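Since the structure comes first, as structure tokens, the remarks are kept for the end.
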Protein chains: 2
Amino acid sequence: MATLGDLERSVMDLLWDSAVAQTANDLRDKLAQVTGSDGKELAVTTVLTVLARLEKKQLVTRARDTRPHRYLAVTSREEHTVELMNEAMGNVMDREAVLARFIGGISPEELASLRRILDDGASA
Amino acid sequence: MATLGDLERSVMDLLWDSAVAQTANDLRDKLAQVTGSDGKELAVTTVLTVLARLEKKQLVTRARDTRPHRYLAVTSREEHTVELMNEAMGNVMDREAVLARFIGGISPEELASLRRILDDGASA
DNA sequence: GCCCAATTTCTACATAACGTAGAATACTTC
DNA sequence: GAAGTATTCTACGTTATGTAGAAATTGGGC
């Protein structure tokens, strides 16, 4: 998967934060608010271009049957994050070492929740 | 941190795989072997350019006191991977959810080692 | 001390990704 | 079918990366 640019990231954040599908205009308006306080409105075509690119990257789908197409994220932010993490691990052979270091760096709270997760899903 | 390009990645892999510092020529030779069987030798300047960029990205340091400068990776591959993983998690608020999903996707063996790691370092 | 050969730095160009948006085309609705 | 709205095409500037020649630097040998 490709890394997201700033605008792409902002759009994905908006999509991830809303349960319902958004139109390009919705997103442009929200971007104006979120993106700093500059209030600088982007052209809708800009948003549409980015959405098309995100669609090509399979991060976004759109409902083409409604007229203002409605866009929504394909995966959750968490799912996407996990994919990035796995991608990062992909090249490494010593996955255990990575896990060890990773765990060594997380907060006690997260460590606790990690234990909990492991204990709960006590599968094979 | 920036994502590495293909050549940058190859160079880092070579540096990560060798304990001793390498010269640009060393790396060029090894790249010719590693990079497919095309045996196509890159120009040394190409390797040097990439090394300079990796240095700027603080992934590589070089000994400037020896004449053919000798380059070596600043961090281990594992360390770097962990950084990427943390960077991926950086934006997310629900880190627990990410952890849960991440764990849900790893192999039983890794799960086992994960438990082991957690049990060993039973710190606060 | 000077020159050569090896090495490094500068400069440069091609390609691709991304931000950005106008021009052109396609729907909808009246 | 005219008008407005929405989408697609096309395009340009910027930055990252792969690639390497030209120019400068430096360590040795004579």
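Just so you know, these numbers come straight off a predicted model, no measurement behind them. Just so it is clear: chains get the letters A, B, ... in the order the sequence lines come, proteins before strands, and each one is counted from 1.
- When the P atom of C:dT7 is taken as reference, atom CG of B:Leu48 falls 10 Å away, rounded to whole Å.
- For residues 50-66 of chain B, proximity to DNA chain D is found at B:Arg53, B:Lys57, defined as any non-hydrogen atom under 4.0 angstrom from a strand atom.
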Below 3.5 Å between N/O atoms, which protein atoms pair up with nucleotides 23-25 of chain D? Just atom names and distances, please.
none

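- For the atom pair CG of B:Leu72 and CH2 of B:Trp16, the computed distance is 12.5 Å after rounding to the nearest 0.5 Å.
- Annotation: side chain of A:Glu8 is in contact with side chain of A:Lys57 (closest heavy-atom distance under 4.5 Å).
- Using a cut-off of 4.0 Å between Lys/Arg side-chain N and Asp/Glu carboxylate O, B:Arg115 and B:Asp119 are scored as not salt-bridged.
- With 3.5 Å as the limit, one finds no donor-acceptor pair spanning the side chains of A:Glu109 and A:Ser113.
- As judged by a 4.0 angstrom heavy-atom cut-off over every strand, A:Leu4 is placed among residues making no nucleic acid contact.
- Distance B:Asp6 CG to D:dT17 P: 11 Å, rounded to the nearest Å.
- When distances run from any side-chain atom of B:Thr46 to the nucleotides D:dT19, C:dT7, C:dT9, the shortest one goes to D:dT19.
- You'll find the side chain of A:Leu27 stays beyond 4.5 Å of the side chain of A:Thr23, heavy atoms only.
- The CG atom of B:Leu27 sits 14 Å away from the C1' atom of C:dT7 (whole-angstrom rounding).
- Scanning for side-chain hydrogen bond (donor to acceptor under 3.5 Å, both in side chains) contacts around B:His80 gives an empty result, with sequence neighbours left out.
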request  = Decide yes or no on side-chain contact (heavy atoms from CB on, under 4.5 Å) for A:Gln58 and A:Val74, but give the supporting numbers first.
outcome  = CA-CA 7 Å; A:Gln58 302 197 304; A:Val74 170; 5.6 Å; no
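- Taking a cutoff of 4.0 Å between a charged side-chain nitrogen and a carboxylate oxygen, A:Arg77 and B:Asp94 do not qualify as a salt bridge.
- Listed by residue number, the members of residues 11-21 of chain A with any heavy atom below 4.0 angstrom from DNA chain D form an empty set.
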For residues 63-70 of chain A, run the donor-acceptor check on the side chains, cut-off 3.5 Å, and write out each pair with its distance to 0.1 Å, sequence neighbours left out.
unit_1, atom_1, unit_2, atom_2, d
A:Arg64, NH1, A:Glu55, OE2, 3.4
A:Thr66, OG1, A:Pro68, O, 3.0
A:His69, ND1, A:Arg62, NH1, 3.2

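- The CG atom of B:Leu7 sits 15 Å away from the C1' atom of C:dT15 (whole-angstrom rounding).
- Nucleic acid contact class of B:Thr49 (heavy atoms, under 4.0 Å, all strands): base.
- With rounding to whole Å, A:Asn25 atom CG is found 17 Å from D:dG4 atom P.
- Among the nucleotides D:dT19, C:dT9, C:dA21, the one closest to any side-chain atom of B:His69 is C:dT9.
- For A:Leu114, the side-chain contact (heavy atoms from CB on, under 4.5 Å) partners two or more places apart in sequence, or in a different chain, are A:Ile103, A:Ile106, B:Leu99, B:Ile103, B:Leu118.
- Between A:Glu41 atom CD and C:dG19 atom P there is a gap of 18 Å when expressed in whole angstrom units.
- Between B:Arg70 atom CZ and C:dT7 atom C1' the separation is 13 Å, expressed in whole Å.
- One hydrophobic cluster holds both B:Leu42 and B:Tyr71 under the rule that ILVMFWY side chains link at heavy-atom gaps under 4.5 Å.
- Salt bridge annotation for A:Glu110-B:Arg95: present, with a cationic side-chain nitrogen under 4.0 angstrom from a carboxylate oxygen.
- Rounded to a whole Å, the CD atom of B:Glu8 is 9 Å from the C1' atom of D:dG18.
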